[in-house]
Amino acid sequence: MGYVAIKGGGKAIAGAHTAVESLRTAEGEGGSPLSLASIEHQLRLLTSRVVSEGGLYHPRLATLAIKQMHGDTLEAAFALRAYRSTKPRLMETPIQSTTGMRLIRRISSAFKDIPGGQMLGPTMDYALRLLRLDLADEAPETFREVSRQFIRDAPDSDLPDSFPKVVASLRKEGLLPPQPDRPDTPFDITREPLVFPVPRSAALATMARAETGSLLALAYSNVRGYGNVHPTIAELRVGYVPVMLPHPVTGEPTEAGEVLMTECEVVATQEAGESGAPPVFSLGYGACFGHNEVKAIAMAILDRALQKGMQDGPDCPSEDPEFVLLHVDGVDSMGFANHYKMPHYVTFQSEVDRLRTTREKDAAHTNAQGAES
Amino acid sequence: MPDPSPVGQSQPLDMGPDLLRFWQPAMQQTMFRTLLKAFSYPGEPARLADADGAVAILATLVDAETTISDPHQLLSDLTRTRLNAPLTDPGRAGYVIARGDLEPDFSPKLGRLESPESGATLVIVVDSLSGGHCWRLSGPGVEKFRHIRVRGLDASWLCARNNWCSGFPLGVDLILTDQQHCLALPRTTLIEDTGAN
Amino acid sequence: MNPGYELPVDEVSYNFAFLDEFAKREIRRSILKAISIPGYQTPYASREMPMGRGFGTGGLQLTLSLLGAGDTLKVIDQGADDSVNAVNLRQFVELTCPGANTTERAAEANIIQSRHRIPEDRLTADQILVLQVPTPDPLTIVEPSEARRKIMHGEGDYAPLLTRLYEDIVQFDEIAISNRYPTRLNGHYVIDSSPIPRFDVPKMHQSAALILLGAGRERKIYAVPPFTDAVPLAFEDVAFRTEAFLDSQGNRRQCDRCKSRISYLDEIIHPDGSRHWQCSDTGYCNDRCAQLHSRQPEEVRS
């Protein structure tokens, strides 16, 4: 056997790419490529998830990422985030308000009825999770008729475009602390590393693009008992937030477009008001791109938990900012888990050397002891 | 060049042809490698530019994410605009540009124990780096010893700098420039006055 | 969604070296501070790159901030230029840095990016070494909180780390750390030397070349400046020991290809079960093989 220099890394990578592409197109003669529009509409919640975790509002590119990465949400979010890195920052928007959100859904658990009403909107919450076998072989004509029917049946609506916030009425009554007059400059997590302790805006920004499952597990741990947030949803909204930018010539705030967002405000246990004021509720806030209700709720619970942790010190993992914020980013955690697949044979050789030496010393000791006895 | 008389008004530095070239990516990369070499081998002078070296240094390091101070008004309004860094007083800035022939009349940021990197970088404009007063350097980046010569640096700078850097890891990092060359003196460098001129 | 919207399919062009100029400037500022405070983990924002966190994005961002047209880069992983990860990184640089060259020969490179090895041949003052780091903080094994670790580093409080090493000695009669050996720079900060084997740690001491270490996921840059004391932690009666590569007779093994008795060796298990040893640094090994070949008339099988 010759003493071979092991080569072929470049060829292996090219081969892997070919294999990946062949799986993607394995339908062969009967198949046709997914259209990005189909992914964006028929897999809208998947698209929302990737937009949210990628941290870049570009639903069409998110669908491309989903298609390219075979539906892996971690990889698709990663691709979107990497794309974001290539774009120069033109400006920072002024702080936007969600009060002008063009709602598609809006509910409150705290009150039976709210100004503007409870709008169930497009939710599967109260649907039965029975598999619909009629979707297995859906005909294009049936598919299109559903949409046509909806538009035909849509009533003339005199609903207003936007609705007041439920928390506004709680604030008016003094049950929630007042909003600060001039909000602090938000922490930019894309420009500055997290160095603890971090302000609340850094925690919220980190969670807004965090991996949904990670946030869910930690929030669940808190409400199940490793923590004591007892949340009631004051308001959950899903809709399109107008993005207001200063007009390039006049400087007037002008709507440049809109982004689909989910926002959740939870009211949690009473706490002593500041400086002898009467006790008030405390607010947990969650918001993210796309239609992601579970993520927004989890985020609001964790926001409340972290605020408590930052103030009184953490009593459980979900209240510890370092524990939560450093472990919920999907791109970071996925990358590191994956990196274990890379070659580690030099360090492994070092470990083997260690182990052999230790065992030799151990054997020498045992022999010496045997000789003595 | 700054007026050598101690009471004289500072002239803004960029009198040469338009300095926009210092913001070209290729130029920034070249400038940075020069500074990197300077910091890696303290005291080793490096050629920067034909002129306006101080602006070249700042253009390479400073932007809207940093703060800058110009207590001796060495920068023109145009340069300050291009640097785009918030202007503040020298006790709070991350980057300070100053005349070397004047006594330092400020106390720069020295950093904190948990974040010593917030100690300031001082860009000091001197007359010459190829003649003048002699200092002996040792420490990281210096194989045994190195001697440097500086003209146009007030005698009190050495004492002030050594004071500021007496509590490692706190301290400041210096870049000396005669507009065409530069050398770096990070806080780890031990500087002794040889007394020689 | 605007129905008239079309993807910018023709718009794929990157800034030189992929990163935007703001990202590069921030990294460059951090590098200079890292050199000024040897061993201090300087925080930086760390952009997402098109390869995974854990695959060298920290080292890569350093390299991309250094590189210009006319530079020559060598990329190795486990000492090998042809390792899949090194190939991937090198191809990325070739794609995004027109005018920069790449090479497999260390002597031709002025920038070397490496994962888990320092090249065998001594580096010169005209070269810069960039090491990839997964976890930058040697205190992580004794303190999980970063906020507390920063205070410990600032105060030079390494007692818990030394205690941990001492516990190893009591239990194993040796310091049990195999790689990422804690090393003290300039008498102050203790660094994680990155997953290089103990064998390579002495190369950091009084090196003529600058060594930069980048952790992308952890968002830290630190440096071993040239001509700086880099001392692996040890005790008076328990010295720092490198991998010995001794065979059962106590003789130092040699590389089967180039016969070197001083290089770090990879253990290769052949299909017939026999074990063979080859240099981990393939560039070094290839150079030596070429020299042997030119000196000896008979073929050296390779």
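Throughout, a chain's letter reflects where its sequence line sits, starting with A, and its residues are numbered from 1. Keep in mind it's a predicted model, so treat the numbers as computed, not measured.
Considering only heavy-atom pairs separated by less than 4.5 Å from chain C, the leading option among A:V331, A:T347, A:D362 is A:T347. Interface summary for chain C: among A:K341, A:H344, A:R84, the most heavy-atom pairs under 4.5 angstrom belong to A:H344. Each of A:S333, A:G257, A:G335, A:P193 has some count of heavy-atom pairs under 4.5 Å with chain C, and the biggest count is that of A:P193. Across C:T57, C:N85, C:L19, C:D20, the residue that shares the most heavy-atom pairs under 4.5 angstrom with chain A is C:N85. Highest contact tally toward chain A, considering only C:Y44, C:F18, C:F245, C:F199, is held by C:Y44 [criterion: heavy-atom pairs under 4.5 Å]. Among the candidates C:P144, C:S145, C:C279, C:A23, the residue making the largest number of heavy-atom pairs closer than 4.5 Å to chain A is C:S145. With chain A as partner, the option from C:S178, C:S280, C:C285 having the largest number of non-hydrogen pairs under 4.5 angstrom is C:S178. Across C:S83, C:A86, C:G56, C:A45, the residue that shares the most heavy-atom pairs under 4.5 angstrom with chain A is C:A45. Chosen from A:D320, A:N338, A:L260, A:I189, the residue pairing most often with chain C at heavy-atom distances under 4.5 Å is A:N338. Chain A forms more heavy-atom pairs under 4.5 Å with one residue of C:E218, C:R90, C:M51, C:Q91 than with any other, namely C:M51.
Residues meeting the side chain to side chain donor-acceptor pair (under 3.5 Å) test with C:R217, sequence neighbours left out: none.
Closest approach of C:V84 and A:I13 over heavy atoms only: O-CD1, 3.3 Å.
Interface remark: C:A80 contributes side-chain atoms only to the contact with chain A (heavy atom separation under 4.5 Å). For a residue to count as touching a neighbouring chain, one of its non-hydrogen atoms must lie under 4.5 Å from one of that chain's; by this rule C:K220 does not touch chain A. Only the side chain of A:V195 comes within contact range of chain C, judged by heavy atoms closer than 4.5 Å. Contacts between C:L265 and chain A at a heavy-atom distance below 4.5 Å involve the backbone alone (N, CA, C, O). With a threshold of 4.5 angstrom between heavy atoms, C:D81 does not approach chain A through any atom at all.
For C:E243 (side chain) and A:S350 (main-chain N/O), no donor-acceptor pair under 3.5 Å exists by modelled atom type. Listed for the C:E146 side chain is no donor-acceptor partner under 3.5 Å among the backbone atoms of A:E322. Looking at C:Y264, its side chain does come within 3.5 Å of a backbone N or O of A:V346 through a donor-acceptor pair.
Interatomic distance, C:N15 CG to A:K87 NZ, rounded to the nearest 0.5 Å: 11.5 Å. Remark: C:N179 CG to A:F348 CZ distance equals 12.0 Å, nearest 0.5 Å.
For the pair A:F336 and C:P134, the minimum side-chain heavy-atom distance is below 4.5 Å. Using a 4.5 Å heavy-atom threshold, the side chains of C:R115 and A:M342 count as touching. Within the 4.5 Å cutoff, side-chain heavy atoms of C:R47 are placed close to those of A:R191.
Within the structure, salt bridge (Lys or Arg N to Asp or Glu O under 4.0 Å) pairs that include any residue of residues 74-83 of chain A comprise A:R81-A:D329, A:R81-C:E48 (at least two apart or interchain).
Residues A:D353 and C:R198 are paired through a salt bridge, judged by an N-O separation under 4.0 Å between the basic side chain and the carboxylate. A salt bridge links C:E267 with A:R356: at least one charged nitrogen is closer than 4.0 Å to a carboxylate oxygen.
Using a 3.5 Å distance cut-off with no hydrogens or angles, the side chains of A:T357 and C:R241 do pair a donor with an acceptor.
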Legend entry - Derivation of the side-chain contact (heavy atoms from CB on, under 4.5 Å) call for A:E192 and C:R219: CA-CA 10 Å; A:E192 287 181 66; C:R219 298 165 171 79; over 6 Å; no

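Within 6.0 Å of the CZ atom in C:F22, the count of heavy atoms belonging to other residues, nucleotides or ligands does not exceed 12. Surrounding OH of A:Y226 are at most 12 heavy atoms belonging to other residues, nucleotides or ligands under 6.0 Å away.
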